[in-house]
There are 2 protein chains.
Amino acid sequence: MSKCGQCIIKRFNALKSLTHDELEKFSDHKTSLFIKKGENLMTEGNPINGLYCIRDGKAKLTKLSTNGKEQIIKFVKGGDILGQRSILSDEPVGLNTTALEDMHVCFIPKQDILDTIKENGQFSLNIMKVISHQLNQANTLISQMAQKPVKERLAETLLNLEEIFGVDNEGCIDVVLTREEIANTIGTATESAIRLLSNLKKEDVIDLINKKIKITDKNALKNMSDGY
Amino acid sequence: MSKCGQCIIKRFNALKSLTHDELEKFSDHKTSLFIKKGENLMTEGNPINGLYCIRDGKAKLTKLSTNGKEQIIKFVKGGDILGQRSILSDEPVGLNTTALEDMHVCFIPKQDILDTIKENGQFSLNIMKVISHQLNQANTLISQMAQKPVKERLAETLLNLEEIFGVDNEGCIDVVLTREEIANTIGTATESAIRLLSNLKKEDVIDLINKKIKITDKNALKNMSDGY
DNA sequence: TCATTGGTATGACAAATATCATTTATTTTT
DNA sequence: AAAAATAAATGATATTTGTCATACCAATGA
């Protein structure tokens with residue numbers, strides 16, 4: 001199995017402040033796992049005993065609401081780390097992590113993480129920064145969900161998706177989601193999401209190519225997301 | 001000014017893991033401030049240079065959405081600490097903190113906090129726990145805002161308010177909010193909030209006494225918040 | 001005391017969104 | 001390739017929620 005020291009993923013996340021020795025320890029203890037599209041990496045309510053570092057692939061983080069509907073809270077991709085919140089607060093996992101495509105993930109045991117947090121102040125601060133940033137994003141999302149109508153939330157979501165996943169060589173947002181998943185992201189009925197996407201296409205703001213979405217008028221979307 | 005070592009507030013929050021020397025340092029550097037009802041302790045977008053520890057009083061944490069409406073994200077009270085997210089992520093303040101009644105607050109300079117985080121692993125972990133817990137709550141709220149209809153969100157909010165602020169000697173939720181503030185918490189129009197409160201009173205689930213709300217049938221509210 | 005103000009309440013109506021039904025397209029299985 | 005299953009699209013309609021208008025009430029100050 002490859003060494004953590006050589007993994008380029010670590011350059012992009014909180015692991016970048018680790019010393020050589022700490023990386024060696026992680027390397028020795030880590031396990032590598034492969035998750036198939038549709039499978040769960042973590043499940044809401046379950047305990048967790050380590051940190052996951054995504055080497056490759058995309059996933060949705062979801063919550064099941066009391067009425068049985070799935071709410072997508074967040075999307076993650078290669079370079080993101082998962083499980084830190086649950087490890088730190090010593091609470092069960094809060095969100096389901098479901099692979100949107102086949103994933104390759106590294107697992108680092110909880111104790112190694114906690115030891116390193118105590119020893120390496122900079123690593124500790126980096127992890128805090130990640131969580132702090134996530135909290136800020138979550139607060140923003142609460143406000144948007146509560147205040148914005150569905151059309152604005154859809155516009156916002158499309159811009160977010162392009163921001164997170166980038167575009168493929170045809171200019172399409174580089175992730176494949178079902179209409180239902182888009183609806184579950186913005187918190188609306190699948191039919192409503194479909195209708196609004198159709199409207200956006202008619203208004204020449206987006207293009208629907210195969211299973212992917214291409215933003216053709218980003219400014220229009222930005223204005224729309226702000227209610228203009 | 002009183003010493004941090006004697007402050008009972010510290011028993012209830014992340015400050016409880018501080019050593020005697022650390023508390024002394026905080027004591028020497030801290031300043032005490034009084035915020036009148038309606039005034040802001042922190043303002044969205046502003047930089048922050050320390051941690052606030054609420055000794056007494058209640059506040060709402062809000063975000064102004066692009067359409068100019070206020071969204072209440074969270075309520076805080078004596079014993080809660082504020083500003084840790086912003087300090088740690090080195091980002092501007094994310095939420096306005098507005099006093100719901102006169103407040104007494106202690107301010108501890110940022111550098112003291114950062115020094116202590118590096119030196120005291122347990123304090124560091126406690127702060128992380130606080131933020132992690134907040135992130136979990138925020139994620140839950142996203143799901144509720146996105147998936148639940150207004151009536152269920154109101155029921156949920158009333159239960160939350162009683163949980164946070166407790167009840168006074170008449171059994172009323174011990175905080176005074178305007179109808180507009182309740183509406184801004186659940187993300188609806190003021191008139192809708194008023195109407196739904198009136199309905200709840202007619203259904204004998206709550207009682208409206210002066211400016212306060214008394215939950216008279218908690219079970220009914222719980223069921224309602226779950227959509228039954 | 002009266003007048004003014006801000007918060008609360010309620011009705012009438014409009015707009016947004018969900019639900020149900022049906023059709024069409026796309027993918028998967030046989 | 002045909003059949004079956006799943007996903008997407010669209011119309012019709014019901015429900016929820018927001019907006020506007022107006023009335024009411026309670027606190028406050030001249």
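Below, read A as the first sequence line, B as the second, and so on, with proteins coming before strands; counting in each chain starts at 1.
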Subject >> Nearest-angstrom distance from the residue atom CD1 of A:I213 to P of D:dA8 >> reply: 10 Å

Original post:
Can a side chain N or O of B:K201 be found less than 4.0 Å away from OP1 or OP2 on C:dA9?
Top reply: no

Subject >> Protein-nucleotide distance (B:I194, atom CD1; D:dT17, atom P), rounded to Å >> reply: 16 Å

Original post:
Rounded to the Å, how far apart are B:I206 CD1 and C:dT8 C1'?
Top reply: 14 Å

Original post:
Are any of A:K211's side-chain N or O atoms less than 4.0 Å away from OP1 or OP2 of D:dA8?
Top reply: yes

Original post:
Side-chain N or O of A:T190 less than 4.0 angstrom from OP1 or OP2 on D:dA7?
Top reply: no

Original post:
How do A:K202 and A:A146 order along DNA chain D: which one's closest nucleotide is nearer the 5' end?
Top reply: A:K202

Original post:
Roughly, in whole Å, what's the span from NZ in A:K37 to P in C:dT27?
Top reply: 11 Å

Subject >> Rounded distance in Å - CG (B:L177) to C1' (C:dG6) >> reply: 17 Å

Subject >> Nearest atoms (heavy-atom pairs only) where B:I9 meets B:G79 >> reply: CG2-CA, 3.4 Å

Original post:
Rounded to whole angstrom units, what separation is found between the CG atom of A:N67 and the P atom of C:dA18?
Top reply: 12 Å

**OP:** Using a cut-off of strictly less than 4.0 Å, decide whether A:S198 has a side-chain nitrogen or oxygen near OP1 or OP2 of D:dA8.
**Re:** no

Subject >> Donor-acceptor pair between A:S65 and A:N67 side chains, under 3.5 angstrom >> reply: yes

**OP:** Ignoring the backbone of A:S192, work out which of D:dA8, C:dT17, C:dA12 is nearest its side chain.
**Re:** C:dT17

Subject >> Nearest to side-chain heavy atoms of B:K69, which nucleotide of D:dT17, D:dT19, C:dA18 >> reply: D:dT19

Original post:
When rounded to the nearest 0.5 angstrom, what is the spacing between CD1 in A:I182 and CG in A:L177?
Top reply: 5.5 Å

Original post:
Hey, which of these two, A:K148 or B:L208, hits DNA chain C nearer its 5' end, going by closest nucleotide?
Top reply: B:L208

Original post:
How many Å lie between CD1 on A:I209 and C1' on C:dT26, as a whole number?
Top reply: 17 Å

**OP:** Looking only at side-chain atoms of B:R179, point me to the closest of D:dT19, C:dT19, C:dT8.
**Re:** C:dT8

**OP:** State which of D:dA12, C:dG7, D:dT17 makes the closest approach to the side chain of A:R195.
**Re:** D:dA12

Original post:
Do the rings of B:Y52 and B:F107 sit parallel, tilted or perpendicular, given the 30° and 60° boundaries?
Top reply: tilted

Original post:
For A:Q147 and C:dT17, what is the distance between atoms CD and P respectively, to the nearest whole Å?
Top reply: 13 Å

Original post:
Which residue, B:T188 or A:E180, contacts DNA chain D at a nucleotide closer to its 5' end, judged by nearest heavy atom?
Top reply: A:E180

Original post:
Among side-chain atoms of A:T43 and A:N96, is any donor-acceptor pair under 3.5 angstrom?
Top reply: no

**OP:** Answer with yes or no whether B:R153 presents, from its side chain, a donor or acceptor under 3.5 Å of a partner atom in the base of D:dT17.
**Re:** no

Subject >> Carboxylate-amine/guanidinium contact B:E162 B:K218, below 4.0 Å >> reply: yes

Original post:
Can you tell which of D:dT19, C:dA18, C:dC20 lies closest to the side chain of A:E191?
Top reply: C:dC20

